[in-house]
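Here is the naming used below: chain letters follow the sequence lines, and residue numbers restart at 1 for every chain.
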Number of protein chains: 2
Amino acid sequence: MQIALAQLPGIEGNIEANLDAALSTLERHGDQVSLVVFPETHLSGFAEQDHVDDRALALDGPEVARLIQASRDHDCALAIGLLERAADGVYNTTLLITPEDGIALTYRKTHLWPDERELVGLGQRIGVTRWRGLTLGLMICYDIEFPETARALGALGTDLMLVTNGNMDPYGPVHARAAQARAQDNQCFVAMANRCGEGAGLTFAGHSAAYSPLGETLFEADRDAGVHLVSLDLELLNRARRDYDYLADRRVSLDLQRDDDSRGPGFRLI
Amino acid sequence: MQIALAQLPGIEGNIEANLDAALSTLERHGDQVSLVVFPETHLSGFAEQDHVDDRALALDGPEVARLIQASRDHDCALAIGLLERAADGVYNTTLLITPEDGIALTYRKTHLWPDERELVGLGQRIGVTRWRGLTLGLMICYDIEFPETARALGALGTDLMLVTNGNMDPYGPVHARAAQARAQDNQCFVAMANRCGEGAGLTFAGHSAAYSPLGETLFEADRDAGVHLVSLDLELLNRARRDYDYLADRRVSLDLQRDDDSRGPGFRLI
């Protein structure tokens with residue numbers, strides 16, 4: 001399976017430019033790969049004081065519709081972050097968009113970074129969906145620093161964790177170590193696309209990466225903007241679990257409440 | 001704080017030689033360091049088919065008594081593995097021995113490697129103890145491949161996780177990644193002493209290591225036998241938790257039952 005990590009800069013609040021960058025990435029690479037991962041809140045830029053509502057997008061609005069159309073045009077799925085305008089507030093959300101289903105999975109960040117806790121709502125569900133024989137799960141930035149987030153996805157059978165990332169200096173190595181461990185711990189692939197360049201007063205760390213179910217580094221980007229194609233050998237999913245199976249061997253469960261929906265199994269945070 | 005990682009070979013069933021190696025390590029280095037970490041089941045060697053009872057040691061027997069005396073003589077704590085002969089069977093156990101208390105903490109491996117499941121009993125408790133201002137916790141080999149084991153120790157306030165390891169080829173890199181992530185995830189030190197050389201039909205991977213509460217590698221050994229002194233800057237415990245505190249920020253708890261005893265707080269596995 002061929003995927004792309006779109007390590008792009010973003011512009012806070014310039015939704016048109018951010019959307020154009022995503023569409024042009026799909027235009028250039030969508031026919032070569034099955035799936036493209038974009039950074040955290042790529043469409044909106046980050047929420048900042050006095051700039052939350054004006055950057056938020058409705059999931060049934062024209063921007064998401066254009067991405068769904070591009071997904072169909074190129075037969076290519078994508079994971080992309082945005083600020084989601086919902087009935088009860090704004091969320092830091094990542095969408096999995098597939099050619100078959102449009103929005104196949106919606107995930108609201110469950111572990112908010114200190115700066116954003118006053119700005120956006122807290123996600124309460126961790127869920128997965130099946131797509132073309134694989135179980136896919138989503139995480140956003142700070143989520144991956146907690147082994148529990150990935151373990152919840154692992155317990156739901158995730159084969160490929162997609163991380164929309166907005167990680168800044170000096171935390172690049174922290175996310176590399178975390179993402180690699182999450183792949184190894186759950187014997188699944190992790191594909192993480194980080195933002196690069198500057199914005200919201202931060203310098204983003206780049207270093208988008210992919211890790212195998214054996215915990216090995218498949219690819220690691222530098223700090224510059226670029227779209228990186230990575231090949232995932234799906235046979236490694238079986239190979240990783242052949243001699244020992246962490247999910248079967250673990251002794252301690254997570255304190256979560258099962259919460260399946262029409263898209264697939266999930267957990268509700270208690 | 002100065003510690004030592006005793007990366008030693010062991011001999012299955014040759015308790016006298018294994019004990020001598022431990023005592024001579026304490027003799028040579030015990031006055032220079034506060035604590036020495038030895039490998040998994042160092043005193044006994046590994047349990048093997050038809051060689052379980054004959055390698056098991058009573059905790060109130062003469063071998064442990066000699067280690068307690070050496071700990072007092074050198075004012076040096078130690079974490080050391082053995083096969084423990086208990087009333088209800090044999091366990092893969094690690095002892096924390098301190099000059100003040102003798103056996104300050106007993107930990108029975110909670111995640112048994114496939115080969116040993118028919119040979120030894122399964123540990124049911126994860127606990128910690130306070131020693132000279134630090135909270136110490138123990139893990140044994142395969143335990144560290146599960147983020148839950150370390151998280152349980154982290155939730156009990158562990159500052160320094162001591163790993164008695166018996167990791168073999170080709171899994172050296174797996175344990176390096178796991179141990180490093182456990183330090184970062186729980187913003188604490190991890191000190192891991194692995195066996196080296198050959199035994200029980202295996203080649204042990206060495207690569208004993210120590211990681212900081214920031215997740216950084218403080219030290220990593222090669223594959224050869226050696227006692228490695230590592231300095232732990234305890235101020236890093238505060239520095240790691242200054243900007244964000246994972247234990248405070250985590251959203252998902254472990255499904256464990258609190259089980260404190262006279263040595264300190266703990267969890268019972270459910």
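Using a 4.5 Å cut-off between heavy atoms, B:L112 does not touch chain A at all. At a 4.5 Å heavy-atom cutoff, the contact between A:L256 and chain B is made by side-chain atoms alone. Using a 4.5 Å cut-off between heavy atoms, B:Y211 does not touch chain A at all. Contact of A:F267 with chain B is not made at all, since no heavy-atom distance falls under 4.5 Å. Within the 4.5 angstrom heavy-atom criterion, no atom of A:D143 approaches chain B.
For the pair A:E216 and B:R177, the minimum side-chain heavy-atom distance is below 4.5 Å. At least one side-chain heavy atom of A:F146 sits under 4.5 Å from a side-chain heavy atom of B:R151. No side-chain heavy atom of B:D255 sits under 4.5 Å from any side-chain heavy atom of A:V252.
The choice from B:R250, B:Q180, B:Q184 that makes the most heavy-atom pairs within less than 4.5 Å of chain A is B:Q184. Taking B:T110, B:I126, B:D243, B:V174 one by one and counting their heavy-atom pairs under 4.5 Å with chain A, the maximum is reached by B:V174.
Residues B:R117 and A:D249 share a closest heavy-atom pair of NH2-OD2, 3.0 Å. The nearest pair of heavy atoms linking B:P147 to A:D185 is CG-OD2, 3.5 Å. Taking both residues in full, the closest heavy atoms of B:R251 and A:L269 are given as CB-CD2, 3.4 Å, listed atom of the first, atom of the second, then distance.
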Could you pull out every donor-acceptor pair under 3.5 Å between side chains of residues 232-239 of chain B and any protein atom, sequence neighbours left out?
unit_1 : atom_1 : unit_2 : atom_2 : d
B:D233 : OD1    : B:E235 : N      : 3.1

Does the pair B:Y244 and A:H111 meet the rule for a side-chain contact (heavy atoms from CB on, under 4.5 Å), with working shown? CA-CA 12 Å; B:Y244 47 92; A:H111 298 79; over 6 Å; no

